[in-house]
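A short write-up of the structure that comes next.
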Amino acid sequence: MDVFNKVSTLKDFVNNCRFSKKSVGFVPTMGALHHGHITLIKKSIQENDITICSIFVNPTQFNNAIDLKHYPVQHEQDKKMLEEAGCSALFLPSVEEMYPLGIEQSQMTGFNFGIIEKQLEGAFRPGHFNGVGIVVSKLFHMVNPDKAYFGLKDLQQFLIIRKMTADLSFGIDVIGVPTVRENDGLAMSSRNLRLTEDERKVAPFIYEVISTMKEKIDHNQAPKEVLDWGIAKFQNNTKFHLEYLEIVDTTTLTKVEDYKKPLSYAIVIAAHLGKVRLIDNLLIE
């Protein structure tokens, strides 16, 4: 596996791939890789001649300095996992390489994603999706892939990146890959590494609640009734601090009052367990 720290050498590699008429798949990550990330890598390997992974903990998408400081970094372990999975190349840039004019200059660039960014994660993490838009657009320009792969655990992020890609005419196929879960249902996430042993034991409660909510929806229970039930479950579990729990339309992420076919929906949640903020969702089609 080739490892690049500079944009110039990465672009030389990509240009050589293009000269050889090889298709390029891309998996952008912030590292601390787990099996969910490797699922994205393997899907890209199946569908492309070359697979490039990036690892960059992007400071512009953190609105909490403590969260950025404690984000897990394990580059050597990540490299080993990528090599074993068969990844072709890793782009591992510094902050200075990604933001040569400085972070403050880059943050002057503004994205407006409309209604999709104004609720859920966008409401609780102001500026987050502008940071995501900046770094993903920069990476897309640097890698210029045919296909890019994102986990659907971050559903709102996926929808925003897909919209940005279409709006800016990148010509990249943005592919969402279903959430990968632990055996007990907990959605795989780099943040799980920060859970204490006791917190890890109770973390699957999130999946237990939203999966039961999905069952209720499948049995045609009204959205408000299902939502009230889910919120009550968290109110009765003092280990969690519920930030939001909603049933939304996956087109606009607006709250659902009634189900209307052929629209698709999702149960979306963010909750704090100790010092760790966990998110999850289940799609309802």
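Count residues from 1 along the sequence. Bear in mind that the values here come from a model prediction, so they are computed numbers and not experimental data.
Looking at R181 and L186, their side chains never come closer than 4.5 Å, going by heavy atoms from C-beta outward. Contact check for N58 versus I134: no side-chain heavy atoms found under the 4.5 Å cut-off. Proximity of E97 to V7: side-chain heavy atoms (C-beta onward) are separated by under 4.5 Å at one or more points. When side chains are defined from C-beta on, N48 does not count as touching V24, because their heavy atoms never get closer than 4.5 Å. Residues N192 and L278 form a side-chain contact, since some pair of their non-hydrogen atoms from C-beta on lies under 4.5 Å apart. In this structure, I41 and Q46 have side chains that are not in contact, with every pair of non-hydrogen atoms separated by 4.5 Å or more. Using a 4.5 Å heavy-atom threshold, the side chains of K153 and S189 count as touching. With contacts defined as side-chain heavy-atom distances shorter than 4.5 Å, the pair F129/F111 does not qualify.
When all heavy atoms of T29 and C53 are compared, the closest pair comes out as CG2-SG, 3.8 Å. Closest non-hydrogen pair, S137 versus G133, comes out as OG-O, 2.8 Å. A pairwise comparison of heavy atoms in K118 and N112 identifies NZ-OD1, 4.4 Å as the closest pair. Shortest non-hydrogen contact noted between R191 and V276 is O-CG1, 3.6 Å. Across every non-hydrogen atom of G31 and Y71, the tightest pair is O-OH, 4.3 Å. Nearest heavy-atom pair across P204 and D184 is CG-OD2, 3.2 Å.
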| said: Walk me through whether H141 and F170 qualify under ring-ring contact (aromatic ring centres under 6.0 Å, His included). | reply: CA-CA 8 Å; H141 278 298; F170 272 110; 5.0 Å; yes

- request: Walk me through it: do S88 and M1 pass the test side chain to side chain contact (heavy atoms under 4.5 Å, CB included)?
  value: CA-CA 5 Å; S88 311; M1 181 179 71; over 6 Å; no

_Walk me through whether F4 and F13 qualify under ring-ring contact (aromatic ring centres under 6.0 Å, His included)._
CA-CA 9 Å; F4 305 105; F13 175 80; 5.2 Å; yes

*Test F56 against M30 for side chain to side chain contact (heavy atoms under 4.5 Å, CB included), laying out the working first.*
CA-CA 5 Å; F56 179 65; M30 293 206 299; over 6 Å; no

Using salt bridge (Lys or Arg N to Asp or Glu O under 4.0 Å), reason through R194 and D67 one step at a time and then give a plain yes or no.
CA-CA 11 Å; R194 294 178 54 201; D67 202 17; 3.1 Å; yes

> Which is it for S190 and H37 under the side chain to side chain contact (heavy atoms under 4.5 Å, CB included) test, yes or no, and what are the steps along the way?
Replying inline: CA-CA 10 Å; S190 302; H37 293 112; 3.6 Å; yes

| message | Could you go through R277 and E121, starting from their C-alpha distance and side-chain angles, then the distance that decides it, and tell me whether this counts as salt bridge (Lys or Arg N to Asp or Glu O under 4.0 Å)? | response | CA-CA 11 Å; R277 184 178 184 271; E121 293 295 291; 2.8 Å; yes

- Task: Apply side chain to side chain contact (heavy atoms under 4.5 Å, CB included) to N237 and V202, showing your working.
- Result: CA-CA 10 Å; N237 189 331; V202 301; 5.9 Å; no

* **salt bridge (Lys or Arg N to Asp or Glu O under 4.0 Å) assessment of E83 paired with K79** => CA-CA 6 Å; E83 287 176 342; K79 288 179 186 177; over 6 Å; no

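Atoms CE and CD1, from M164 and I161 in turn, are 6.0 Å apart once rounded to the nearest 0.5 Å. Note that CD1 of I116 is 8.5 Å distant from CD of Q156, once rounded to the nearest 0.5 Å. In this structure, the separation between CG on N130 and CZ on R125 is 13.5 Å, given to the nearest 0.5 Å. The CG atom of L120 lies 10.0 Å from the CG atom of L159; values are rounded to the nearest 0.5 Å. Here CG of L152 is found 6.0 Å from OG1 of T179. Values are rounded to the nearest 0.5 Å. The distance from the CD1 atom of I175 to the CZ atom of F26 is 13.5 Å, given to the nearest 0.5 Å.
Taking S8 as the reference, K6 meet the side-chain contact (heavy atoms from CB on, under 4.5 Å) condition, with sequence neighbours excluded.
Y149 and T39 share no side-chain donor-acceptor pair at under 3.5 Å. Inspection of the S264 and T250 side chains reveals an N or O donor paired with an N or O acceptor under 3.5 Å. No side-chain donor-acceptor contact under 3.5 Å links D198 and T196.
In the hydrophobic cluster analysis, where Ile, Leu, Val, Met, Phe, Trp and Tyr join through side-chain heavy atoms closer than 4.5 angstrom, M81 is grouped together with V27. Cluster annotation: L283 and M188 are assigned to distinct hydrophobic clusters (Ile/Leu/Val/Met/Phe/Trp/Tyr, side-chain heavy-atom contacts under 4.5 Å, transitive). Clustering ILVMFWY residues whenever any of their side-chain heavy atoms sit less than 4.5 angstrom apart, transitively, puts V95 in a cluster other than the one holding L92. Each of L193 and V73 belongs to its own hydrophobic cluster when Ile, Leu, Val, Met, Phe, Trp and Tyr are linked at side-chain heavy-atom distances under 4.5 angstrom. Placement of V136 and L168 within a single hydrophobic cluster is found when ILVMFWY residues are connected by side-chain heavy-atom separations under 4.5 Å, directly or transitively.
Other cluster members for I66: none, since no ILVMFWY side-chain heavy atom sits under 4.5 Å from it.
Between F234 and F205, the ring centre distance stays below 6.0 Å. Here F150 and F158 keep their ring centres 6.0 angstrom or further from each other.
No donor-acceptor pair under 3.5 Å is formed between the side chain of N5 and the backbone N or O of P93. A donor-acceptor pair under 3.5 Å is absent between the side-chain atoms of S54 and the main chain of F91, judged by distance alone. Judged by distance alone, with hydrogens and angles left aside, the side-chain atoms of K138 form a donor-acceptor pair with the main-chain N or O of M98 at under 3.5 Å. At least one donor-acceptor pair closer than 3.5 Å links the side chain of S211 to the backbone N or O of Y207. Side-chain N or O atoms of D249 include one that pairs as donor or acceptor with a backbone N or O of T251 at under 3.5 Å. A donor-acceptor pair under 3.5 Å is absent between the side-chain atoms of H219 and the main chain of Q221, judged by distance alone. Checked by atom type and distance alone, the side chain of D280 never pairs as donor or acceptor with a backbone atom of A270 at under 3.5 Å. Between the E117 side chain and the F113 main chain, a donor and an acceptor come within less than 3.5 Å of each other.
Screening V209, D228, I210 for a side-chain contact (heavy atoms from CB on, under 4.5 Å) involving K233 leaves a single residue, V209. Between H272 and the choices K239, E243, H241, the side chain to side chain donor-acceptor pair (under 3.5 Å) rule is met once, by E243.
Screening residues 13-42 for salt bridge (charged side-chain N to carboxylate O under 4.0 Å, His left out), with sequence neighbours left out, gives R18-D146.
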